[in-house]
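Only heavy atoms go into these numbers, but all of them, side chains included; no hydrogens, no water, no symmetry mates. In what follows, chains carry the letters A, B, and so on, assigned in the order in which the sequence lines appear, proteins first and then strands, with residues in each chain numbered from 1.
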2 protein chains.
Amino acid sequence: MSNDTVKIPQATAKRLPLYYRFLKNLHSSGKQRVSSAELSEAVKVDSATIRRDFSYFGALGKKGYGYNVNYLLTFFRKTLDQDELTKVALIGVGNLGTALLHYNFLKNNNTKIAVGFDVEEAKIGTSIGDVPIHHMDELEKIITEMGITVAILTVPAPFAQTITDRLVAANVKGILNFTPARLTVPATTRVHHIDLAVELQSLVYFLKHYGVDEEEE
Amino acid sequence: MSNDTVKIPQATAKRLPLYYRFLKNLHSSGKQRVSSAELSEAVKVDSATIRRDFSYFGALGKKGYGYNVNYLLTFFRKTLDQDELTKVALIGVGNLGTALLHYNFLKNNNTKIAVGFDVEEAKIGTSIGDVPIHHMDELEKIITEMGITVAILTVPAPFAQTITDRLVAANVKGILNFTPARLTVPATTRVHHIDLAVELQSLVYFLKHYGVDEEEE
DNA sequence: AATTTATTGTGAAGATAATAACAATGTTTT
DNA sequence: AAAACATTGTTATTATCTTCACAATAAATT
């Protein structure tokens with residue numbers, strides 16, 4: 001738990017991976033410098049917000065010039081721990097789980113699904129998108145051995161809590177939860193929800209009730 | 001654009017589908033009444049926040065008693081327009097797109113993916129999870145005919161903006177964007193992002209830099 | 001080297017959201 | 001029907017986040 005950096009606002013922390021990705025794009029397209037205004041156009045975040053976000057890490061830019069792409073990139077690579085690969089387990093190799101196994105998180109992230117788990121015999125022992133699938137019975141054994149502390153949960157909702165309890169017991173500290181279940185976890189574990197049905201429904205709600213002239217993340 | 005309801009805070013609007021889902025659960029398990037404290041436990045939202053959220057719609061509960069599950073459910077069904085089916089188009093039938101075609105949004109949502117589009121000849125004319133797949137060339141024609149105004153975007157990032165422009169021109173008002181691209185749209189169109197890589201990476205960031213004693217949505 | 005220009009970093013203000021706390025009041029119990 | 005209890009709805013408070021606006025200053029131009 002490296003607290004070498006100041007504790008920055010959550011809202012800022014959530015934008016960092018986004019900035020990082022666009023900086024990589026800029027870099028590979030040969031750009032040397034960038035202003036907060038340009039970056040704002042690309043990532044759709046107000047330029048003042050970008051400058052404030054960056055400022056939590058100190059003065060990264062130069063007045064009248066902007067930011068040096070290379071410098072920023074190097075800085076964020078360190079800040080986002082892009083130098084060390086984070087291995088992740090995926091629990092539940094159904095439709096969504098399989099899609100995620102094919103998704104190349106590594107490309108932008110230095111994060112990799114290293115192992116998958118399911119109960120369906122036909123899947124056990126196979127590899128999907130280069131990731132080996134094991135039986136749920138081996139969950140604790142394997143993730144402990146592999147030292148995995150982050151899991152993606154794509155199981156049917158009724159099993160979500162039970163499996164979460166097992167993950168927590170096996171020292172998993174972060175769960176990306178794609179199930180509709182709201183998980184109960186100790187304060188030492190962090191859960192991020194991606195609730196597909198809720199996202200779709202709230203989009204529809206906004207359209208119906210808010211109408212035009214709204215911009216939003 | 002029914003503005004029959006007061007314009008409630010965005011944060012509240014985003015929680016409504018969640019409340020609705022849990023109320024349905026409670027209802028089908030035969031529960032007659034529920035307090036904000038109970039609901040809080042289930043959806044992991046502070047009980048004061050729940051009461052405030054509900055209060056935007058008037059006095060839905062009774063002091064000393066709580067909320068009548070049936071009443072709440074009926075109320076939210078109307079508020080969330082659950083009586084009319086919203087048809088959605090899905091653009092890009094790759095791994096993720098296919099998974100979403102199998103995802104039963106209807107169950108909780110009264111939202112249905114009614115049509116899919118792709119460029120791959122092998123897929124055109126087939127049905128996936130009961131949804132017919134058409135060629136991208138027919139995009140404008142078909143969604144206009146079907147009167148669709150909401151789309152899910154699961155195409156490769158480089159095509160995202162071009163297709164978005166076509167969707168907007170074809171009168172699509174809401175886009176659920178699964179691509180990493182940040183889309184440029186007119187103010188009359190609403191985009192919600194689900195950025196899988198960013199979600200995973202920010203989870204990892206929080207674990208490394210915030211450590212324990214954090215709870216979050 | 002002086003002037004103009006661009007752009008940061010940030011203090012102040014504003015906006016939005018979450019939470020605490022409790023009077024009001026309906027429900028349940030005795 | 002009185003007393004005890006439970007729980008809302010809301011006012012006040014606090015926290016978080018965004019945006020404005022501009023002095024400071026480095027870069028570019030003349």
**Fill in**
Those residues at least two apart in sequence (or on a different chain) that pass salt bridge (charged side-chain N to carboxylate O under 4.0 Å, His left out) with A:K87 are none
**Fill in**
Note: contacts of residues 60-72 of chain B with DNA chain C (heavy atom, under 4.0 Å) are B:K62, B:K63, B:G64, B:Y65
**Request:** State which residues pass ring pair (Phe, Tyr, Trp, His ring centres under 6.0 Å) with B:Y20; sequence neighbours excluded, sorted by chain then number.
**Result:** none
**Asked** Between A:Y56 (OH) and C:dT8 (P), how many Å, whole number?
**Response** 17 Å
**Request:** Check the distance between C:dT28's P and B:Q32's CD and give it to me in whole angstrom.
**Result:** 12 Å
**Message:** Strictly by side-chain hydrogen bond (donor to acceptor under 3.5 Å, both in side chains), give each pair with a member in residues 91-104 of chain A just once, sequence neighbours left out.
**Reply:** none
Check: protein-nucleotides 16-18 of chain C nitrogen or oxygen pairs below 3.5 Å:
from   : atom 1 : to    : atom 2 : distance (Å)
C:dA17 : OP1    : B:A11 : N      : 3.3
C:dA18 : OP1    : B:R15 : NH1    : 3.3
C:dA18 : OP2    : B:R15 : NH1    : 3.3
C:dA18 : OP2    : B:R15 : NH2    : 3.0

**Message:** Between A:Y205 and B:D81, do the side chains contain a donor N or O and an acceptor N or O under 3.5 Å apart?
**Reply:** no
**Fill in**
Those residues at least two apart in sequence (or on a different chain) that pass side chain to side chain donor-acceptor pair (under 3.5 Å) with A:K31 are A:E38
**Ionic contact status for A:R15 with A:D53, cut-off 4.0 Å** = yes
**Request:** Round to the nearest Å and state the distance from A:F54 atom CZ to C:dT10 atom P.
**Result:** 14 Å
**Prompt:** Can you name the side chain to side chain donor-acceptor pair (under 3.5 Å) partners of A:D195, sequence neighbours left out?
**Reply:** B:R21
**Message:** Please report the distance, rounded to the nearest Å, between CD1 in B:I50 and P in C:dA20.
**Reply:** 14 Å
**Prompt:** Given that B:A48 and B:R33 both sit by DNA chain D, which one's nearest nucleotide is further toward the 5' end?
**Reply:** B:R33
**Message:** Need two values: the first and the last nucleotide of DNA chain D, 5' to 3', having an atom under 4.0 Å from any heavy-atom of chain B.
**Reply:** D:dA6 to D:dA12
**Complete:** By side chain to side chain donor-acceptor pair (under 3.5 Å), A:T49 pairs with (sequence neighbours left out) none
**Fill in**
In short, ring pair (Phe, Tyr, Trp, His ring centres under 6.0 Å) pairs touching residues 152-181 of chain A with sequence neighbours left out are none
**For A:Y67, all residues meeting ring pair (Phe, Tyr, Trp, His ring centres under 6.0 Å), sequence neighbours excluded** = A:F54
**Asked** By salt bridge (charged side-chain N to carboxylate O under 4.0 Å, His left out), which residues pair with A:R166, not counting sequence neighbours?
**Response** A:E140
